[in-house]
K.L.:
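Following this message is one structure expressed as structure tokens.
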Amino acid sequence: MTDEELVVEFALIRLDHPDLDLEEIAGLVVRRMGKDRMLEFAAHNLGTRDELRGAVFPAAVEHVLRVIFTLRGPD
């Protein structure tokens, strides 16, 4: 999945749930993507942080947020 596709998925979920904060939306994105994507996202995030181990779901959520904030640019 490209970063752009991830942003589109995030935006669509945010439209459906405007009352949720960004971390909750990222959690919904990860849950909707399934186990394989969750592992992929977690692996990317742990690689970025130079860590060998970590909890899969929180690491995957952090990856989604990292992509969103990176593409969003500085505020």
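It should be emphasised that the depicted structure is a prediction, and the values quoted were computed from it without experimental measurement.
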K.L.:
So how far is it from Thr48 OG1 to Arg66 CZ, rounded to the nearest 0.5 Å?
P.N.:
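Separation between the atoms: 5.5 Å.
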
K.L.:
Is Met1 reachable from Val8 through a run of hydrophobic residues whose side-chain heavy atoms are each under 4.5 Å from the next?
P.N.:
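No, because Val8 and Met1 fall into different hydrophobic clusters, even though each may have its own neighbours under 4.5 Å.
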
K.L.:
Taking all heavy atoms of Val29 and all of Phe10, pick out the closest pair and write down the distance.
P.N.:
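For Val29 and Phe10, the tightest heavy-atom pair comes out as CG2-CA, 3.9 Å.
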
K.L.:
Tell me whether Val61 is reachable from Leu12 by hopping between hydrophobic residues (I, L, V, M, F, W, Y) whose side-chain heavy atoms are closer than 4.5 Å.
P.N.:
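No, Leu12 does not connect to Val61 through the hydrophobic network.
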
K.L.:
Flag yes if Ile25 and Val67 sit in one hydrophobic cluster, no otherwise; membership is Ile, Leu, Val, Met, Phe, Trp, Tyr, and two members link when side-chain heavy atoms are under 4.5 Å apart.
P.N.:
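Hydrophobic grouping puts Ile25 with Val67.
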
K.L.:
Near Asp36 CG, under 6.0 Å, is it more than 12 heavy atoms from other residues, nucleotides or ligands?
P.N.:
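Atom CG in Asp36 is not crowded, with 12 or fewer foreign heavy atoms closer than 6.0 Å.
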
K.L.:
First locate atom CG of Leu52, then atom CG of Leu46, and finally report the distance between them rounded to the nearest 0.5 Å.
P.N.:
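Interatomic distance, Leu52 CG to Leu46 CG, rounded to 0.5 Å: 8.5 Å.
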
K.L.:
I need the Glu9 CD to Arg14 CZ distance, nearest 0.5 Å.
P.N.:
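Taking CD in Glu9 and CZ in Arg14, the distance rounds to 14.5 Å.
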
K.L.:
Would you give the length of the straight line joining atom CZ of Phe69 to atom CD of Glu62, rounded to the nearest 0.5 angstrom?
P.N.:
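Spacing of CZ (Phe69) from CD (Glu62) equals 10.5 Å.
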
K.L.:
Just to verify, which of Leu22, Val30, Asn45, Val7 counts as forming a side-chain contact (heavy atoms from CB on, under 4.5 Å) with Val64?
P.N.:
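Among Leu22, Val30, Asn45, Val7, the one meeting side-chain contact (heavy atoms from CB on, under 4.5 Å) with Val64 is Val30.
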
K.L.:
Is it true that, when you exclude Glu23 itself, more than 12 heavy atoms of the residues, nucleotides or ligands shown sit nearer than 6.0 Å to its CD?
P.N.:
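Atom CD in Glu23 is not crowded, with 12 or fewer foreign heavy atoms closer than 6.0 Å.
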
K.L.:
Mind checking the CG-CD1 spacing from Leu6 to Ile68? Nearest 0.5 Å is all I need.
P.N.:
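Between atom CG of Leu6 and atom CD1 of Ile68 there are 5.5 Å.
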
K.L.:
Roughly how far, to the nearest 0.5 Å, is NE2 of His44 from CZ of Arg49?
P.N.:
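Taking CZ in Arg49 and NE2 in His44, the distance rounds to 14.5 Å.
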
K.L.:
Is there side-chain contact between Glu24 and His17, with heavy atoms separated by less than 4.5 Å?
P.N.:
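No, too far: nothing below the 4.5 Å cut-off.
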
K.L.:
Can you find a heavy atom in the side chain of Phe41 that is under 4.5 Å from one in the side chain of Val56?
P.N.:
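Side chain of Phe41 against side chain of Val56, heavy atoms only: no contact under 4.5 Å found.
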
